[in-house]
Amino acid sequence: MKMTPVPPAAADEEDGGAIGLSVIVPAYNEEDRLAPTLKAVRAHLDAGPDPVAWELIVVDDGSTDATAAVAEAAAAEEPRVRLLRTPANRGKGHAVRTGVLASRGRRVLITDADLATPIEELALLEHRMDDGATAAVGSRALPGSRIAVRQHALRETMGRIGARLIRAAAVPGIRDTQCGFKLFDGDKVRTAFSRSRLDGWSYDFEILRYFHRQDWAVAEVPVRWAHQPGSKVRPLAYPRVLADLVRVRWLARSRTDGPARIAIPALFLLLSLLLYAGLWSDPAGRYLIDSDQDQQQWEWFFAVTADNVAHLRNPLFSALQNFPLGVNLMANTAMLGLSIPLAPLTLAFGPQFTWAVVLTGGLTATACAWYWLLARRFTRSRWAAALGGGFCAFAPPMISHGNAHPNFVVLFMMPLIIDRLLRLCGGRRTVRDGVVLGLFLAYQVFLGEEALLLAATGLLLFALGYAAASPHVAAAVARPLLRGLGIAALVSLPLVIVPLAWQFDGPQSYSSVLHGQAGNHPMALLEFATRSLAGDGSVAASLSFNRTEENAFFGWPLIAVTVALVVHLKARPAVRALGFTALAAAVLSLGQNIPLPGTDRTLPGPWRLLADAPLFESVIEARMAMVCVPAVGILLALACDRLAERRERSERESSRRVIGCAALAAALLPLLPTPYRTVERDPAPAFFADGTWREHVRDGHSLVPVPVPGPKETAALGWQIDAGLGFSFPGGYFNGPYGPDRIGIYGPAWRATSELLHKVQETGRVPDVGEPQRRAFQEDLAFWRADALVLPDQRQHSAELRTAVTRLTGEEPRWIGGTWVWDVRVDR
């Protein structure tokens, strides 16, 4: 008889629950082998330590023997066995497609009627699916594969040649596409078969090719296999397979996924452009007001790196600031991984343009990279992956750092690193993946070391959580993962050893950065950030250091939804591990002393365990909350993926879907980012812009802005850029050493004169200037090799500053190019 497939929703209702596993057995004239195969499969599925609801579908492909009768007898004995029949022999691919499209399982196993691979090997495939793969295919060609009975030598040789052609033309990375033992994600494989066209033996690589084109992770697993007599493969099958290979190779991309591949990155770019629209209106003339002094510092980093590249100078050092001691650029956030490749752009259009490109492109690239990883390894729906990827790039902590910290915005390498780590867990190409991972890690060092340290901490938390949730999987992947990490270390270390040695032991290096205790307030996790749609700037300001460090601010609706997601999806080990990662990172971000809301009391925080550890002593602990972003983003993608399933649902399930969509909307809409505010820049005085400074500063000497530049007074960095980096000045905004212990501080170690002038600017009062002050002033001028002091008239308390400098020099200044100038050259 011909059986009509039961609609999935109706089938689930009849069975009283969802089907966990569908087993598809295509059969053509298999009356002798089918009965023991069905018996073995049923016995294994019922005897497992954690049995799931299953169905076994036999597809009789127009058999001329008693195959159908054998299957009918099994179905009469066990209701979970179903028989589907085709009126004529259409080919194995058609039979498998018929069975898969009629299946209802969360996972689908396709196995041959001869059971050449024992059903007991299913556990190996399931473990790889639990690790995040969307398909796990049995393989006879990997180390660890066990071949009990081999094929005829000629057939084996033809198979190897075919496998090489298939791997080269259609399915890169899979050595054996034709082993008849494959486990798939149910929804994904039904989607793939609904688009398949091949009816013959070539259906395997057509389906795997589809998975490859969708970036859905496929794991190849070594299995036991024994050749069984009675093969249906005939000599003419080989040229047909070659013809099918050509056909599959040139199939057009899916009509439904093609637009998404373009639309999703375009949406990310559009959102980034909207956020930075004020900056793009005039990159050279607009300034991100909430960046404080950081935008000026970053533009200087881009400019000086490009200048070093253009003049073939050491890119790890510059004496243009903090003259004559200089600045260790490797020990600062110069992002040499971008500032060096973008040097031609900086030289052609200016560092202000590069700044806009890095911020806009950084958010876009980060979103695209997370979207790619989620679509490849976590979700069925590309739009679910887009939601998760968008959150990973545009979450409130990311938007906060988007004001001024591109090293925490340009994070596109993190998903690539995670993907390579997951590949290592598969253990297929440990050496290759370890080498690639080493290159990725080395490059990330030049993009942002603190971001890499935070990511490594988050990955370690995830590994601990996953090991607790699924010990057997953790034990299985530990060996290849550790081996791959060792290879990565051997590759990356030679590439970074010299720059790191310069950073930690070179000129102007330092041991750690003093920033004090800087944990998040617990309430910051529940409130909304300044740039969020529901944000209140005054509330956010009361719970953070400044608008560039609003590191939490996820909002209470998202916190509630995240907790609900972890509880609802807790059956998946990865979900439990993600929940643990987010919780642990959030608690660590509260710092060494956790304030109790509504009281003046504190509790000791777990950050105390890391506060004095090497590298961690320089980390602003509040930034640990950024580790929560990808953890929550992946959870949101998984939730959205569930909601995006297009299978028919019962009325009750439809109601749940509406509730789920409403909950996601309530959690995410208040967090939508609003455009960054910009203001017009102050133009550089003509003294710098028109080159007048050249008449007052000699090579090897410096020009001293008044007051001496520091972290709160960075206008001189912009003047220096406008002057083509032609002069050096003392002080500046950078990280450098202080004292005999070389503790890291922001800005220079103040000298007597620079401290005196800063007090004048802060207080507006001119101190008494006597012989001690003049003597210290002369010593400082000699140390700075100063040729001139300059004071633009727009400085705060400029009249008092002019009086103080006049008393120190004993001379009246000259008004030149919009600045007061004191010529202090000794040999003038």
Side-chain angles (χ1 to χ4, degrees), residues 275 288-294 391-392 394-405 408-409 450-451 454 457-458 513-563 581-608 610-611 619-633 666-677 711-712 746:
L275 290 175
L288 292 171
I289 186 61
D290 291 333
S291 72
D292 200 12
Q293 309 298 324
D294 287 356
F391 181 84
C392 289
F394 299 102
M398 295 288 292
I399 295 299
S400 172
H401 285 279
N403 280 298
H405 302 151
F408 284 105
V409 169
E450 186 176 353
L454 293 179
T457 305
V513 178
L514 290 176
H515 54 69
Q517 296 188 25
N520 287 319
H521 192 283
M523 292 303 297
L525 295 167
L526 305 177
E527 294 291 347
F528 299 99
T530 301
R531 296 257 66 82
S532 291
L533 191 62
D536 184 324
S538 60
V539 173
S542 68
L543 297 171
S544 62
F545 315 118
N546 54 61
R547 290 185 176 177
T548 70
E549 293 290 349
E550 294 179 2
N551 295 297
F553 297 94
F554 294 100
W556 65 265
L558 180 60
I559 299 295
V561 166
T562 302
V563 172
T581 302
L583 176 61
V587 174
L588 284 171
S589 79
L590 301 180
Q592 299 185 53
N593 298 292
I594 303 176
L596 291 177
T599 73
D600 57 357
R601 300 177 58 190
T602 62
L603 293 176
W607 185 259
R608 292 186 178 192
L610 298 174
V619 172
I620 295 176
E621 53 264 41
R623 292 176 178 173
M624 274 300 302
M626 300 188 73
V627 173
C628 302
V629 172
V632 174
L668 295 177
L669 287 177
L671 302 181
L672 287 177
T674 58
Y676 293 103
R677 298 186 306 148
K712 296 182 179 181
Y746 297 98

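Only a predicted model underlies this, so the values are computations on that prediction, with no experimental measurement involved.
- Smallest separation of non-hydrogen atoms from P606 and V587: CG-CG1, 3.5 Å.
- Of all the heavy atoms in I594 and G591, the pair that sits closest is CG1-O, 4.2 Å.
- With rounding to the nearest 0.5 angstrom, the CD atom of E550 is 9.5 Å from the NE2 atom of H401.
- Results of the side chain to side chain contact (heavy atoms under 4.5 Å, CB included) test with M523 over P595, P597, S542 single out P597 as the only residue that passes.
- A 4.5 Å side-chain heavy-atom check between R608 and N593 finds at least one atom pair inside the cut-off.
- S291 and T548 get closest at one heavy-atom pair: CA-CG2, 4.2 Å.
- The backbone N or O of P673 lies less than 3.5 Å from no partner atom in the side chain of S532, so there is not a single donor-acceptor pair.
- Between L526 atom CG and L543 atom CG the span is 9.5 Å, to the nearest 0.5 Å.
- In this structure T457 satisfies the side-chain hydrogen bond (donor to acceptor under 3.5 Å, both in side chains) test with no other residue, sequence neighbours excluded.
- How far CG of L603 is from CG of L596: 4.0 Å, rounded to the nearest 0.5 Å.
- The CZ atom of F394 sits 13.5 Å away from atom CG of L671, with the distance rounded to the nearest 0.5 Å.
- Contact detail for A540 and T530: the closest heavy-atom pair is CB-OG1, 3.4 Å.
- Of all heavy-atom pairs between Y746 and P711, the closest is O-CG, 3.3 Å.
- With sequence neighbours excluded, the residues that form a side-chain hydrogen bond (donor to acceptor under 3.5 Å, both in side chains) with R531 are D290, T674.
- With hydrogens and angles disregarded, no donor-acceptor distance shorter than 3.5 Å links the side chain of D294 to the backbone of D292.
- Of all heavy-atom pairs spanning G519 and F545, the tightest one is O-CZ, 3.9 Å.
- Ring geometry, H405 versus F408: the interplanar angle exceeds 60°, so the pair is classed perpendicular (tilted spans 30 to 60°).
- The CZ atom of F553 sits 7.5 Å away from the CD atom of E527 when rounded to the nearest 0.5 Å.
- Counting only distance, with no hydrogens or angles, the side chain of N551 and the backbone of P397 share no donor-acceptor pair below 3.5 Å.
- In this structure the side chain of W607 reaches within 4.5 angstrom of the side chain of V619, judged on heavy atoms.
- A donor-acceptor contact shorter than 3.5 Å links the side chain of S589 to the backbone of A586.
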Less than 3.5 Å apart, which donor and acceptor atoms pair up between the side chains of residues 626-633 and the rest of the protein, not counting sequence neighbours?
none

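- In this structure, OH in Y676 is found 5.5 Å from CG in N403, a value given to the nearest 0.5 Å.
- The backbone N or O of L558 lies less than 3.5 Å from a partner atom in the side chain of T562, making a donor-acceptor pair.
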